Every structure is written in C-alpha cells, then in structure tokens.
Asker: 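Pasting in a structure now, in structure tokens, and then I'll have a few things to ask.
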2 protein chains.
Amino acid sequence: MPVHRAQAWKYKLKSLSLKAKNMFERVLIAEDQQSMNFWMLQTLKELEITDAHYACYCDDALTRIKNSLKDGAPFDLLITDLSFVDDGRTQSISNGADLIKVVRQHQPTIKVLVFSSEPNPTVVNMLFDKLAIDGYVHKGRTDTIDLKAALAAIYKGKKFIPEAFRVSIRQKNAFKFSNYDVAIIEQIAGGANQNKIPDYLKQQNMKPTSLSSIEKRLAQIKDELGFKKNEQLIAYCKDLKII
Amino acid sequence: MPVHRAQAWKYKLKSLSLKAKNMFERVLIAEDQQSMNFWMLQTLKELEITDAHYACYCDDALTRIKNSLKDGAPFDLLITDLSFVDDGRTQSISNGADLIKVVRQHQPTIKVLVFSSEPNPTVVNMLFDKLAIDGYVHKGRTDTIDLKAALAAIYKGKKFIPEAFRVSIRQKNAFKFSNYDVAIIEQIAGGANQNKIPDYLKQQNMKPTSLSSIEKRLAQIKDELGFKKNEQLIAYCKDLKII
DNA sequence: ACTTATTTTACGGGAAGCCGTAAGCGCATT
DNA sequence: AATGCGCTTACGGCTTCCCGTAAAATAAGT
C-alpha cells in the first residue's frame, strides 16, 4: 500500500527532524458536534498542530486509530467527547468511555483527553480511576483556555483536572456501582418485578441470583446512599447517568 | 448617554442604507460554552453578520436585551442554548427556556433560535408549542449546515426544524404532565412514601389530596404510558427532564 | 331545587416489596 | 475429617403499594 508507506515515511521524517517540538503532533478528535470539530481543528492549528483529524462516530475513530498503527504513524493524543448522539447509523461503540477502553487495548500508551459537557464530578472521577484518562476539560465558560492548558499539561506527562472539579470530586464520591448492581437497577427501572430478576440474572450468568440476595443488595445500596425507596435510587442513577 | 446615542445612530444608518440586506444584523448569543461562542461569532461573520454578541449567563443575556431596547438598537435574533451550567454565580434565570420567556416579555417580536444538544423531541416540541420559538438546531454532526439553513429560514419568516426531529416529534408525543402530576412524581422520586403525599399536597394547596386520588392518578399515568411500576415512570421522567 | 354526572374520598383484599432470622453451601485452615 | 468463616439461599411476618368497589362530595344541567 503506497499510501501507508508514504504516511509512515512522512511521520519518520517529522520525528527525526531537528526542530524540537513541544506539542503533540498527531491528534485524533472523536466528537459528534461538527461545529466543535471545526473549532477544535482551528485551535489546534493555532498551537501548530496541523496533523489533527476528527471522527464523528466512535467506530470511525477506532478505525482511524487502528489504521494509524498499521501505517506506522500512530496518534499521540485522543481527544474525545463522552456522549454521542445515536442518529440511526448502527455503531458497535456508542460512547466515549467505551471508545477509550477499546482504543487502549490497541494502543495503551496513547494519551487521552476527555472534552465533554458532563458536569457530574462522580462520572469524571470514574474516568480518571477506571480508564486512567490524562485530562478532562469541561465544555464551559472557560473551555478555550482550559483546552490549551490541558494540552500543555498532558504533553508534559501531567494529569489535567480543572480546579472546579478537583474539589467536588472528593466531596461527592459516594458509591461504586458494580455491573451486578447496574444490571439489577436497570431491570427495576425497566419495570421488572423483583421476583423476575433472579431468572434474568441466571440468564446473564451473574450471581448471586436468589431473590433474597437481590433484596439484600438493593437494601445495602440504598442504605449506603441514604435512600429509602427504589424510586429514589432510580432518580439518582439517572442523574448520574449510571443507567 | 452618548454611547447609546451613537449606537442608535449607527443602527439607523444601517437600516436606511440602500444596500439590501438579506440577513439578520444584530444577533445575541446566549451560550455558556466559550468555544461554541467563538465558533458561532466566526460563522456569523462569514454570513456578514458583524454585529453579533454573546453572553455566557442568562442574566447577562437578558440585561443586554433590555439595554439594546433602551438604546434603540434592538437585537433581531436571539440564539440560545437550553442548559447552562451552574458555576456558583447566582442567577435569577438558569436555563434557556426561562430566558426565552422573559425576553419575549420585553421584546415580543424578537426571533428565537434554540441551539442545543437536547436530543429529546418531546422537549423540543414543547419549545415550539409553548414558547413559539422560530427554529431549533441540534448540536450534532450537521450543525454547521443546519445553523446556516436555520438563519436563512428564520430570516424569511419560516420556522426551522431539522428533518430528523420533524418525524419523531409526532411519534413520541405521549403524555402531558400537569403540575399536579409532577408534584406527585417528584415526591416519589425524592423517596416519600405514598401515604405521606396527601399532607404534602395539602401544604401546596393542590387537590385532590386523598391517597386514593393519588393512587388513581399514578395508575392512570402509568397506564397511558404503558408502564407497570413507579420506578419505570421515574426513569422515564428523568430521561425527559420532567423532573 | 332536584336530578344527573363527575370527581373525590374511604375502605378492604390481594400482590409486591422489605427485613430479620436461620439454614445451606463452598472454601480455606488445621 | 472437622472446624470456622463468609456468602448465598429459603422462609415468614410485616409494611407498603395496587386496584376495585362503593359512598360522599362537588359540579353541571334542566
């Protein structure tokens, strides 16, 4: 494939060039807002990152990551949103968190910056904890500055968390929901009677499956969060986008 | 106030100029994402709208609207987001829908374009119904084109709804929640036992207040939406941002 | 003012959920 | 093999919720 060869060659040339770079070279943006993509490309250009590309779908982003590895011209940085609107095109990856997971499997060393309007510190905290992202920039009133600061920080190997979040992350860290918990809660939110859930869990090869265990787990979750009723829990999980 | 005089004069000059304009002249953007504001200003400039301004807070937006009227140089168009992140600065208006309501009280003729990432057709439908907005552009994979199309359409006095929404608005229009309904559902989502709700409703001067009526109303709502359990209803209401 | 219709309330039986106790099971240690 | 520990399951009573029926109250029509 001559195209790939050419790309790899170009990349090597860059790497070998004597001009000391102090910024990322190849950046991939995964973001479904076209306006945001345009603006982002422009901002990167101002930082002399000319080799930036974007994908409007998670699947496309993954493909580009894979191809870039094949071509020997891997991306240095992935900037991704969290939520992608489903517009009918069936996608195997539907959100930014899943995209990060899969991308990491292919290219563990890639730096990841999340750029999203997710305002919930608990969710963001999870990203740093479980996905080891390198930075988070909240789409907001200072995002133009934050983005530049984040790029600089991450390039130097630092993590980037905006001040506003750093505080409240500690405050709010209430409870970790396991997959098991989420499965149960989703069933309830979907209208299932609790006595139907054991069968469902068996089907999903999750355990424990007994009604008693489910009751107990639910009681524990609610107790830890200070809730008394399932409805409260559902509301909470919806707010935190756990379900 | 010399500044205001000058502005008004400038505005009159423009209006009287022989050059036939086919686009808005004075535009106000209410949007809390700085990046989006920058991009929007640029886009408007491409359309030769140079007299565009933005506000990061709803209250600021309202102030500018008021001032523009005082100065005799009113805005032709308000472009606003729906959700504004609360960053601690206390605001009397906290979201786009409320902003539109208040702005309309001061300047009923102003055109309103909502530019948001709200994906729920029911919510958007409400905006056209209750707030009589002139257009809706969804921040998404085609928003750069949509925005320009919307501006052109609205300028010609047409309404603008993207195709993708036009369809599903009809499909999904399921149920209208009254204040009474919302009050009950909020109580449940907050963890209240149903037998505590009568007292609450009396306190709020809402009726009927009997437990039986509440049970009946809940049953009816769930029946119409095809739900069987409260938890399902809570999940639904959270998704639709009814609570 | 009387009847009719609709809404609201009261009540009661059955279903679902909640919660504590105790029995069952697997697993590691000795 | 026996013991102890933790997790899972089974069961029973108690509460809350669900839903139907009927009485009471309110609104509407003549």
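Residue numbering restarts at 1 for every chain, and letters A, B, ... go by the order of the sequence lines. No experiment lies behind these values; they were computed from the predicted model shown.
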Asker: Would you check if there is a donor-acceptor pair between the side chains of B:Tyr155 and B:Asp76 at a distance under 3.5 Å?
Answerer: no
Asker: Among residues 181-207 of chain B, which contact DNA chain D at a heavy-atom distance under 4.0 Å?
Answerer: B:Asn193, B:Gln194, B:Asn195
Asker: Within this structure, what is the CD1-to-C1' distance between B:Ile214 and D:dC18, rounded to whole angstrom?
Answerer: 14 Å
Asker: Using 30° and 60° as the class limits, which term best fits the ring planes of A:Phe115 and A:Trp39: parallel, tilted or perpendicular?
Answerer: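 Plane angle under 30°, so parallel.
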Asker: Given atom CD of A:Glu231 and atom P of C:dA16, what is their separation to the nearest angstrom?
Answerer: 16 Å
Asker: Quick one: is B:Lys228 getting a side-chain N or O under 4.0 Å of the C:dA16 phosphate, OP1 or OP2?
Answerer: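 The answer is no; no side-chain N or O of B:Lys228 sits under 4.0 Å from OP1 or OP2.
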Asker: Return no unless some side-chain N or O of B:Ser210 is found under 4.0 Å from OP1 or OP2 of C:dA10.
Answerer: no
Asker: Out of D:dC19, C:dG17, D:dT9, which nucleotide sits closest to the side chain of B:Glu215?
Answerer: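 For B:Glu215, the side-chain atoms sit closest to D:dC19.
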Asker: Given B:Leu77, which partner from the list B:Leu28, B:Leu113, B:Val112, B:Ile29 fulfils the side chain to side chain contact (heavy atoms under 4.5 Å, CB included) test?
Answerer: B:Leu113
Asker: Which atoms form the tightest heavy-atom contact between A:Lys229 and B:Gly191, and what is the distance?
Answerer: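 It is CD-O, 3.3 Å.
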Asker: Examine C:dC18: is either OP1 or OP2 under 4.0 Å from a nitrogen or oxygen in the side chain of A:Lys222? Give yes or no.
Answerer: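 Result: yes.
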Asker: Here's a test of your reading of the structure: between B:Leu211 and B:Lys229, which maps to the more 5' nucleotide of DNA chain C?
Answerer: B:Leu211
Asker: Using whole Å, what does the distance between atom P of nucleotide D:dC19 and atom CZ of B:Arg217 come to?
Answerer: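 The distance from CZ of B:Arg217 to P of D:dC19 comes to 15 Å, rounded to the nearest Å.
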Asker: Could you state the CG-P distance from B:Leu233 to D:dC17, rounded to the nearest angstrom?
Answerer: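 Interatomic distance, CG of B:Leu233 to P of D:dC17: 14 Å.
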Asker: If the cut-off is 4.0 Å, is B:Lys216 near the phosphate of D:dC18, judged by side-chain N/O to OP1 or OP2?
Answerer: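 So the side chain of B:Lys216 is outside the cut-off, no N or O lying under 4.0 Å from OP1 or OP2 of D:dC18.
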Asker: Does A:Asn230 have a side-chain nitrogen or oxygen under 4.0 Å from the phosphate oxygens OP1 or OP2 of C:dA16?
Answerer: no
Asker: Measuring to OP1 and OP2 of D:dT9, would you say a side-chain N or O of A:Ser212 lies under 4.0 angstrom away?
Answerer: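 Result: no.
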Asker: Using OP1 and OP2 only, check whether a side-chain N or O of B:Ser213 sits under 4.0 Å from C:dT8.
Answerer: no
Asker: For A:Ser178, check side-chain contact (heavy atoms from CB on, under 4.5 Å) against everything at least two apart and list the hits.
Answerer: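 A:Ser178 satisfies side-chain contact (heavy atoms from CB on, under 4.5 Å) with A:Tyr180, A:Asp181 once adjacent residues are dropped.
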Asker: Do A:Asn230 and A:Gln194 pair up side chain to side chain, a donor and an acceptor below 3.5 Å, judged on atom types alone?
Answerer: yes
Asker: Taking atom C1' of C:dC18 as reference, at what distance in whole Å does atom CD of A:Gln232 sit?
Answerer: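 Between C1' of C:dC18 and CD of A:Gln232: 15 Å.
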Asker: So, B:Asp134 and B:Arg104, do they make that salt bridge, N to O below 4.0 Å?
Answerer: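 Yes, charged N to carboxylate O under 4.0 Å.
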Asker: Please give, in whole Å, the distance from C:dT7 C1' to B:Gln220 CD?
Answerer: 12 Å
